[in-house]
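Please read the structure below before turning to the comments.
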Amino acid sequence: MREVAVIGVGMNKWGELWEKSHRRIWTEAALAAVDDAGVDRVDAMYVGCMSGGLFVGQEHLGALLADELGMGPIPGTRVESACASGGLAFRQAVLAVAAGAHDIVLASGVEKMTDVDGGAATYALSTAADQEYECYQGITFPGLYAMMARVHMERYGTTRRQLADVAVKNHAHGLLNELAQFRMKVTAEQVMGSAAVADPLRLLDCSPITDGAAAVVLCPLEMARKLSKQPPVRVAASAHATDRIALHERDDMADLASTRHAAALAYKQAGITPKDLSFCEVHDCFTIAEILVIEALGLTARGKGGAAAGSGLTAQGGKIPVNPSGGLKSKGHPVGATGIAQIREAVLQLRGEAGKRQVPKARWGLTQNMGGTGASTVVHIFERAEGRKR
Amino acid sequence: MIGPVRYWREIPQRYRYEAARCSGCGKVFFPPRLVCNACRGREFKPVILPQAGTLETFTIIRVAPSGFEDQAPYAVGVVRLADSVKVTAQIVDCDLETLATGQKLRLEFRKVQQDGASGVLCYGYKFVPA
Ligand SMILES: [Zn+2]
């Protein structure tokens with residue numbers, strides 16, 4: 001297997017992009033990534049998209065978008081794994097380059113969520129849960145995460161205030177991200193006073209509905225310096241794991257087993273431990289999700305994740321900054337694009353190009369992207385190539 | 001959308017609570033399936049879900065999905081039945097302000113929703129305080 005590097009990243013402002021179509025949003029991000037890498041071709045491309053069908057009535061995205069980019073007849077593959085579609089599209093690109101199937105590969109993600117009303121968007125997102133035995137009974141995604149939150153709170157003493165602290169931290173981080181959808185400071189009081197959605201979760205515990213796309217360019221590490229002027233960022237690990245899709249089928253509803261499994265594989269591949277990480281970009285689709293994820297990644301002991309945001313451990317300047325980009329909470333969550341945007345952030349941080357939100361001396365970065373209530377997780381670890389002992 | 005055929009297919013589970021016990025390791029599955037995810041056995045014996053359970057976790061849905069708008073606010077929980085089977089269902093005929101985990105519950109047959117597009121009246125199991 002060949003070693004793989006990321007040589008280009010692209011993303012535009014996320015938000016309610018009423019004037020832009022699904023294909024336009026994607027193509028802008030893809031062009032930005034290709035231009036950033038400085039390559040004149042890509043040999044294959046992968047598109048993460050959760051539900052082009054339900055959000056805009058458009059499937060067959062591989063062919064459509066390869067043509068939009070002017071790269072036809074290259075193979076274009078659409079990848080779906082609910083909210084982990086972007087991370088999984090990147091993993092497919094890594095495998096293609098590592099295997100020697102293709103040299104220059106575009107990995108991308110897109111979701112256009114505001115062409116439908118709130119009810120239709122909620123329905124589209126709910127298809128990531130068990131339709132017959134969860135959604136049939138009237139549960140929603142906020143409701144599923146609320147039930148996970150209640151288990152964590154009752155078993156470990158995690159407080160309502162600690163959930164709010166995650167939103168406060170990620171919105172503070174997002175203030176420094178010019179592409180974020182919600183660049184606004186929020187206080188714990190505002191989070192705890194926002195509209196109740198599914199007890200104990202409130203509106204400001206939830207990530208938003210977002211239009212957006214992101215893209216990155218990969219190639220073999222040994223070709224990176226020849227193909228691109230950008231400092232290469234090495235893909236040190238790529239791991240993927242699954243769990244039961246229905247929350248009620250899991251032995252422990254407060255344990256993200258797929259994240260724990262994928263993280264263990266990734267640390268082993270990279271030859272590092274959680275202590276070596278400079279920062280993480282994780283899937284904070286709800287405030288409780290970040291708490292569960294950092295425990296599953298081994299950043300805190302099990303049951304201790306609740307205190308991490310409020311104590312400053314996972315804040316910018318803390319021991320292990322989590323979501324320096326602002327996370328899904330502030331940056332936005334166009335579901336298929338989220339996993340790719342996390343990787344863009346990791347690459348910028350490791351190049352030292354993250355501007356005001358730069359994590360000092362960043363060398364190792366981890367991205368964690370998950371689908372549904374955690375039935376799919378994709379974990380990647382990246383290393384600043386210059387910092388590498390060969 | 002829950003059309004008539006899709007609805008009809010799940011009737012054994014929603015009306016009669018039919019589950020399956022793995023002949024290899026004894027694990028009970030609801031709904032029944034072809035392969036046991038504990039021992040990969042492929043032989044099962046039909047069983048009926050126990051109808052007494054305990055509330056493991058729950059939420060109060062304030063913002064309801066389509067088809068449930070007129071029911072909000074309502075409680076949905078994960079209920080642990082005997083045989084270690086857990087199911088997701090609404091908890092009804094209870095005080096939403098005092099509902100708590102550990103509550104003993106009993107399964108009842110109720111109307112769950114009316115599908116807006118197909119007009120199908122959807123029935124199934126809900127739980128009430130025991
Ligand atoms: Zn078995």
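So that the names make sense, note that chain A is the first sequence line, chain B the second, and so on, each numbered from 1.
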Quick check for you: among A:Leu144, A:Val151, A:Ile139, A:Leu201, which has the greatest number of heavy-atom pairs under 4.5 Å with chain B? A:Ile139
What are the two closest heavy atoms between B:Thr88 and A:Gln137, and how far apart are they? O-CG, 3.2 Å
Heavy-atom check, side chain of A:Glu132 versus side chain of B:Arg14, under 4.5 Å: yes
Donor-acceptor under 3.5 Å (B:Thr59 side chain, A:Asp199 main chain): yes
Could you state the interatomic distance from CG (B:Asn37) to CD (A:Glu249), rounded to the nearest 0.5 Å? 7.5 Å
What heavy-atom pair brings B:Lys27 and A:Arg244 nearest, and what distance separates the two atoms? NZ-NH1, 3.5 Å
Quick one: does any side-chain atom of B:Arg62 pair with a main-chain N or O of A:Ala196 as donor and acceptor, under 3.5 Å? no
For the atom pair CZ (A:Arg155) and OG1 (B:Thr57), what is the distance rounded to the nearest 0.5 Å? 10.0 Å
Taking atom types as modelled and ignoring hydrogens, do the side chains of B:Glu10 and A:Tyr136 form a donor-acceptor contact shorter than 3.5 angstrom? no
Hey, which of A:Gly143, A:Ala146, A:Ser126 has the most heavy atom pairs under 4.5 Å with chain B? A:Gly143
Relative to chain A, which of B:Val87, B:Val63, B:Ile60 shows the most heavy atom pairs under 4.5 Å? B:Ile60
Closest approach of A:Glu154 and B:Thr101, non-hydrogen atoms and distance? OE1-OG1, 2.6 Å
Option that, when pairs with chain A are counted at under 4.5 Å, heavy atom only, ranks first among B:Lys126, B:Arg80, B:Arg6: B:Arg6
Which atoms of B:Tyr74 come close to chain A, meaning under 4.5 Å heavy atom to heavy atom: side chain ones, backbone ones, both, or neither? side chain
I'd like to know if the side chain of A:Tyr133 and the backbone of B:Phe30 have a donor-acceptor N/O pair within less than 3.5 Å. no
Non-hydrogen atoms of B:Lys86 and A:Arg250 that approach each other most closely: NZ-O, 2.7 Å
Considering all heavy atoms, the nearest B:Pro65-A:Thr140 contact: CD-CG2, 3.5 Å
If you compare all heavy atoms of A:Arg150 against all heavy atoms of B:Phe58, which two are closest, and at what distance to 0.1 Å? NE-O, 2.6 Å
Can you confirm whether B:Arg33 is buried at CZ, in the sense that more than 12 heavy atoms of other residues, nucleotides or ligands lie under 6.0 Å from that atom? yes
Part of B:Val112 within contact of chain A (heavy atom distance under 4.5 Å): side chain
